[in-house]
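In what follows, every chain begins at residue 1, and chains take the letters A, B, ... in the order their sequences are listed.
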Amino acid sequence: MSDHTSKPKKKRKLSERSAAYLLIAPSLLLILVIAIWPVIQSFYFSLFDLRLNNPTKSEVHTSHMIDLQRYLDNYFLLEGAIDKEVDKAGEGNAETLNGVKEDLSNLDASLLEDEKIKERYELIDEKLMNFEKIDPKEKLVEVEQDRAEEIQATLNDIEGKVNSLNDLEDPNTVKGLSSALADSIIKPNFIGFDHYAKNLTDKRMWMSIWNTVVFTVVSVAIELVIGLMIALLINKAFFGRGLVRASILIPWAIPTVVAALMWKFLYDGQNGIVAKIFEEVGLVERMATLLTNDTGAMFSVIFADVWKTTPYMALLLLAGLQTIPTSMYEAAAIDGANKWKQFLTITLPLLKTSILVALLFRTLDAFRVFDLIFVLTGGGPANSTETISLLAYKVMIAQSNFGEGSALSVVVFICVAIISMVYISLLGRDLLDDKK
Amino acid sequence: MQKKAGPLFYVGLSVFIFLVMFPFLWILISSLKPVSELFGEKAFVPFTSDPTFVNYQSVFVNHPFLTYLKNSLIVSGVTTIYTVLIASFSAYAIARMKFKGKTVILGLVLSVSMFPQIATISPIYIILKNLGLTNSYIGLIIPYTTITLPLSIWILVTFFRKIPFDLEEAAKIDGASIMQTYWRVILPLAVPGIFTTAILVFIAAWNEFLFALVLNTQEAYKTVPVGIAMFQGQFTIPWGEISAATVVVTVPLVIMVLLFQRRIVSGLTSGAVKE
């Protein structure tokens, strides 16, 4: 392998660079595909009225289209149903029904005049006859806006006529089919910033942001103070230090959901020991009020979060403390500085970066809080603990309103971006510095 | 500040540890209580005269808890192996090679680790649904990369930087290619760091809730956190079973933490402190 060494230095450097890019490529590709692209896509979705439970809005549509599968399915069934009705209909109804039938066949004929539609029409028709699977993309054909509105008007007209009829043999079938047929035309569901406009004037959204901010600021502040106290306390040699470290790691290690369930049990209004203790101490009037009033619920959520994440904070700060050389304290002690003075002049300034990094990670985690509140209070009572992530989840998943839910999740993203930028500007380039 | 600890210190420490561990102890006691002692006055008694394993039995018999455990093990295990492998390549390049745009890439990794999961979930859900991958293992493992990959790269970079550069220089002079240097020289030395990263990634994947909740809704594919969260009925909450399930989930984690606490701490704090 001696020939490698004889290669000019320049070449070695070049190959190192391309090797580096090659090694990074898989990670970068994954990050692009499953993190960055979805965020961009979320923003794109948020500009549409996208509802998974509504057939005409279940996808992003930027142009007018006709759903040929829906059209053909309902067209022939409706035609057949009308034929049946005509046989049994009275004088007046028969006339209207024949009129509807004529409208339908005129519409069908006019659709077939269009070459593009005709081709696809025949394909779908054949597939429907043979009970073949139809590709969701295949069934949609783009049509001009004017034409789409014309077809829609005809379909609405047909639906209106059918609905005006009384004394039908089987009114539900005919009316149902004509209304299903009217859904064949798909309009673009682009709505621009309407979701944002709606939510930015919605009290519930501002309330959820407020709740998130209260939760984040209060819990992170308490965690910082207690975490720093613990870190200072265990930053010395003592018997059983490993055990102490392990035991404070356990709340961090268990799933948040499990921690939330544990606390839900401890807070329970009938048999929760912590609720009972709070009642005895006088913190709450009755056990049951802990989780059923606004302040009590928010307090409970914060208390559980402090329990779970203070250890993490303490460990980050402890690691920072251990980098401060003891000699500095010794020198300060000789100069006659007391413990408090030492803390203010040595510990705090040297711990600044560690504190900021710990605060950055914790603030972002707290701002994104979901699991804990989802399980512990579900956002209740009366949305008093509903955070912005929980609201986005409820709108998106529980209501299948992906457009609005995406808009809310973009709001979460923007908030998180702002918080990170503030911290990173405070930290400077320390965080990403290549040199050790 | 490295003062010798006095007796008062130990008293304070014990009180603190007791407060931290209290919820676990209480849940452990409750899981052994018969249902009748979980309500009324007896609910507040810190012992039981009639310990029973009926709650534990019920967790496995009345709920597909074994399935949840299996699902969580598969998803977290595969996620860990594949993320750490891919991350180790990138971390090696970032930590030890010279190329342009390193800071930008590291910044990108850090920003992605800050992404709120909720902001990626709607497109991921729709894509996976269209591909028929909701309610599958792979459909959960792929999105977990959003969380675990930046985390692994971030931690591994710190570990790789600690390995002396002389070794690599020596290998270069001996004519080893970049891949050979990586496999023969760096990787063996990086094993402790990689192991630490793997533990943290495993815990992160094991505890993940939002993706699992949205993507895998069928009983057969639910993971432990989602499964446990759904124990709560609409009107009643089976506290005995929940306590027992909590203990079952917590005990392995406690053992893991006791065994690997040193590694976990070094992994958690790497990158957060400049040494």
Task: Under 4.5 Å from any heavy atom of chain A - which part of B/Ile86 - done: both
Task: Toward chain A, the part of B/Tyr182 with a non-hydrogen atom under 4.5 Å - done: neither
Task: Option passing side chain to side chain contact (heavy atoms under 4.5 Å, CB included) with A/Ile34 (candidates B/Leu149, B/Thr120, B/Val112, B/Thr145) - done: B/Thr145
Task: Atom group of B/Ser30 that falls short of 4.5 Å from chain A, counting heavy atoms - done: side chain
- [ ] Identify which of B/Ile127, B/Val157, B/Ile17, B/Thr83 forms the greatest number of heavy-atom pairs closer than 4.5 Å to chain A.
- [x] B/Ile17
- [ ] List the steps, then state whether ring pair (Phe, Tyr, Trp, His ring centres under 6.0 Å) holds for A/Trp307 with B/Phe24.
- [x] CA-CA 12 Å; A/Trp307 173 82; B/Phe24 291 111; 5.5 Å; yes
- [ ] Would you check if the side chain of A/Arg368 reaches a backbone N or O of B/Met114 as a donor-acceptor pair within less than 3.5 Å?
- [x] yes
Task: B/Val214, part contacting chain A, at a heavy-atom distance under 4.5 Å - done: side chain
Open item on the list: Quick check on side chain to side chain contact (heavy atoms under 4.5 Å, CB included): which of B/Asn207, B/Val224, B/Thr250, B/Ile27 does A/Val258 satisfy it with?
Closed with: B/Thr250
- [ ] List the steps and the verdict of ring pair (Phe, Tyr, Trp, His ring centres under 6.0 Å) for B/Tyr125 and A/Phe402.
- [x] CA-CA 10 Å; B/Tyr125 174 78; A/Phe402 269 62; 5.4 Å; yes
Task: Atom group of B/Ile203 that falls short of 4.5 Å from chain A, counting heavy atoms - done: side chain
Task: Side-chain heavy-atom pair A/Phe45, B/Ile126 within 4.5 angstrom cut-off - done: yes
- [ ] Please flag which part of B/Leu108 lies under 4.5 Å from any non-hydrogen atom of chain A: side chain, backbone, both or neither.
- [x] side chain
